[in-house]
Amino acid sequence: MAGCAVFALAFGLVGAVGISYAHAEDVIVGLVTKTEVNPFFVKMRQAAEAEAQTKGLKLIARAGKFDGDNEGQVAAIEDLISAGAKGILVTPNNSSGMLGVIKKARDAGVLVIALDTATDPADAVDATFATDNLEAGVQQGAYAKAALGDKKPVIAMLDGTPGGTVDTFRHDGFLKGFGIAEGDPAIAGAAITNGAQDKAQVGMENLLSKNGDINVVYTINEPAAAGGYQALKSFGMEKDVILTSIDGGCAGVRNVKAGIIAATVMQFPYKMASMGVDAVAEYAATGKKPSGFINTGSYLITDKPMPGLDSKDSEWGLQNCWGD
């Protein structure tokens, strides 16, 4: 697997040395992702399953029914507490909507680690293993600004799901990287996509109907970018607009190679999950807990590099991407 290869090569084998303790098979680690179908969370679950097997732990994986299903995730954590989980790894759909159940878990002695998406406040969990999403957004915005050159910007924002720190940080980071503030007249409009291709396509079509001068599109993730591209194509504008994204999934990197996405920012879900499982194993063995924010890294991927911006090409991206 390419993802496994880069994880070993670029980051080191997390937990390559096993942690010895009695009755490891009785230790339950829970994983609660936003959805089951998004390739990002599929890769996260696969990595957690592999690392749990290596450590001899029992993994119980649950997910929300859809992006934004806060109640489903709360119920999943309640079930994991009842099941006696030693640690819970969670990608919160709503960064402040799970604080009560997370406190309940921690009060019961459960290690709780946020993966990918920070809670609000961040110290509601023991630790967060994630991409620095603000920095990833800055990389995305800086590229879009450089690629646009001297043209007057007319920007469409295809946002994710309100209430999540990932969505807020990426959005704000893009604006920072582009060099503008919220409310700037350069922003032609925004649409909520929930990170879904179909909703992004509809949202982009609506924005184009209102303003046919759009020349830059921010997208929360690569499925949203794919939907945005389909809308641009239906308007005959796919070659006239700089479309950027964040994720680093193999489908997204292929879209960079095909010229559909000008640039994307790759992140590493398998690293987040593997590190999370290792942390639960160590907690079970020694009582030691991780703390604070651990940045799992990101890379700008493009075949049209811009002066002054560090990037990797799509060939590197295809060797290091995740998903199908």
Side-chain angles (χ1 to χ4, degrees), residues 1-19 24 27-64 67 73 76-77 80 85-93 98 102 105 110-119 125-133 136 164-166 195 221 246-250 266-284 289-299 320-324:
M1 293 288 290
C4 294
V6 70
F7 177 52
L9 181 63
F11 299 107
L13 288 172
V14 175
V17 178
I19 298 172
V27 176
I28 296 173
V29 53
L31 174 67
V32 182
T33 54
K34 294 181 181 180
T35 70
E36 289 184 332
V37 297
N38 186 304
F40 184 90
F41 301 119
V42 171
K43 172 55 75 173
M44 186 174 281
R45 184 172 65 249
Q46 290 171 346
E49 288 170 346
E51 193 66 14
Q53 185 174 11
T54 298
K55 295 296 185 183
L57 310 184
K58 179 180 179 181
L59 179 78
I60 300 177
R62 298 287 184 267
D67 196 317
Q73 288 193 308
I77 292 180
L80 288 167
K86 190 69 176 178
I88 297 174
L89 315 174
V90 58
T91 62
N93 266 310
M98 305 182 69
I102 288 173
V110 180
L111 174 69
V112 182
I113 298 173
L115 303 182
D116 176 60
T117 305
T119 53
V125 292
D126 292 289
T128 301
F129 299 161
T131 306
D132 183 336
N133 281 292
T165 53
V166 167
N221 64 6
I246 299 177
D247 257 351
C250 294
M266 179 178 285
Q267 52 182 344
F268 303 96
Y270 43 85
K271 185 181 182 189
M272 301 173 198
S274 297
M275 288 176 60
V277 171
D278 288 344
V280 175
E282 184 169 6
Y283 174 58
K289 295 181 177 182
S291 62
F293 177 82
I294 309 300
N295 182 11
T296 51
S298 61
Y299 283 108
N320 295 282
C321 63
W322 43 266
D324 295 328

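Worth saying up front: this structure is predicted, and the values here are computed from it rather than measured. Below, each value reflects all heavy atoms present in this structure, side chains not excepted, and no hydrogens, waters or symmetry copies.
For the pair Lys34/Thr117, a side-chain contact is recorded, criterion being any heavy-atom separation below 4.5 Å from C-beta on. Annotation: side chain of Val125 is not in contact with side chain of Pro92 (no heavy-atom distance under 4.5 Å). By the 4.5 Å heavy-atom criterion applied to side chains, Ile246 and Asn221 are not counted as neighbours. Looking at Lys86 and Leu57, their side chains never come closer than 4.5 Å, going by heavy atoms from C-beta outward. Val37 places none of its side-chain heavy atoms less than 4.5 Å from the side chain of Val42. Considering only heavy atoms from C-beta on, Asp67 stays 4.5 Å or farther from Asn38 through its side chain. When side chains are defined from C-beta on, Thr91 does not count as touching Val32, because their heavy atoms never get closer than 4.5 Å. The closest side-chain heavy-atom distance from Met98 to Ile77 is below 4.5 Å.
Cation-pi geometry between Lys271 and Phe129 is not satisfied (NZ or CZ under 6.0 Å from the ring centre, within 45° of the ring normal).
Of all heavy-atom pairs between Pro269 and Lys43, the closest is CG-CG, 3.9 Å. Contact between Ile88 and Ala105 at its shortest, heavy atoms only, is CD1-CB, 4.4 Å. In terms of heavy atoms, Thr131 sits closest to Phe293 at O-CZ, 3.7 Å. Residues Glu36 and Ala63 share a closest heavy-atom pair of CG-CB, 3.4 Å. Residue Pro290 comes nearest to Leu111 through the heavy atom pair CD-CD1, 3.9 Å, listed as atom of the first residue, atom of the second, then distance. For Ala48 against Ala273, the heavy-atom pair with the smallest separation is N-CB, 3.9 Å.
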Apply the test side chain to side chain contact (heavy atoms under 4.5 Å, CB included) to residues Leu115 and Val90: give CA-CA distance (whole Å), side-chain angles for both, the deciding distance (0.1 Å), then the verdict. CA-CA 6 Å; Leu115 303 182; Val90 58; over 6 Å; no
Ring pair (Phe, Tyr, Trp, His ring centres under 6.0 Å) between Phe268 and Trp322, intermediate numbers included: CA-CA 8 Å; Phe268 303 96; Trp322 43 266; 9.3 Å; no
Can Met275 and Ile113 be said to form a side chain to side chain contact (heavy atoms under 4.5 Å, CB included), step by step? CA-CA 10 Å; Met275 288 176 60; Ile113 298 173; over 6 Å; no
What verdict does the side chain to side chain contact (heavy atoms under 4.5 Å, CB included) test give for Thr33 and Arg62, after you've listed the backbone C-alpha separation in whole Å, the side-chain angles of each residue and the deciding distance to 0.1 Å? CA-CA 7 Å; Thr33 54; Arg62 298 287 184 267; over 6 Å; no
Evaluate Gln267 against Asn133 for side chain to side chain contact (heavy atoms under 4.5 Å, CB included), listing each step before the verdict. CA-CA 9 Å; Gln267 52 182 344; Asn133 281 292; 4.2 Å; yes
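Annotation: the span from Glu51 atom CD to Tyr270 atom OH amounts to 14.0 Å, rounded to 0.5 Å. Atom CD1 of Ile60 sits about 4.5 Å away from atom CD1 of Ile28, to the nearest 0.5 Å. The line from OG1 of Thr165 to CG of Asp116 is 8.0 Å long, rounded to the nearest 0.5 Å. Interatomic distance, CD1 of Ile102 versus OG1 of Thr119, reported as 5.5 Å (0.5 Å rounding). With rounding to the nearest 0.5 angstrom, the CZ atom of Arg45 is 8.0 Å from the CG atom of Leu31. Expressed to the nearest 0.5 Å, how far CD of Gln46 lies from OG of Ser274 amounts to 11.0 Å.
Formation of a donor-acceptor pair under 3.5 Å by the Glu49 side chain with backbone atoms of Leu59 is not found in this model. In this structure, Asn295 contributes its side chain and Gly297 its backbone to a donor-acceptor pair below 3.5 Å.
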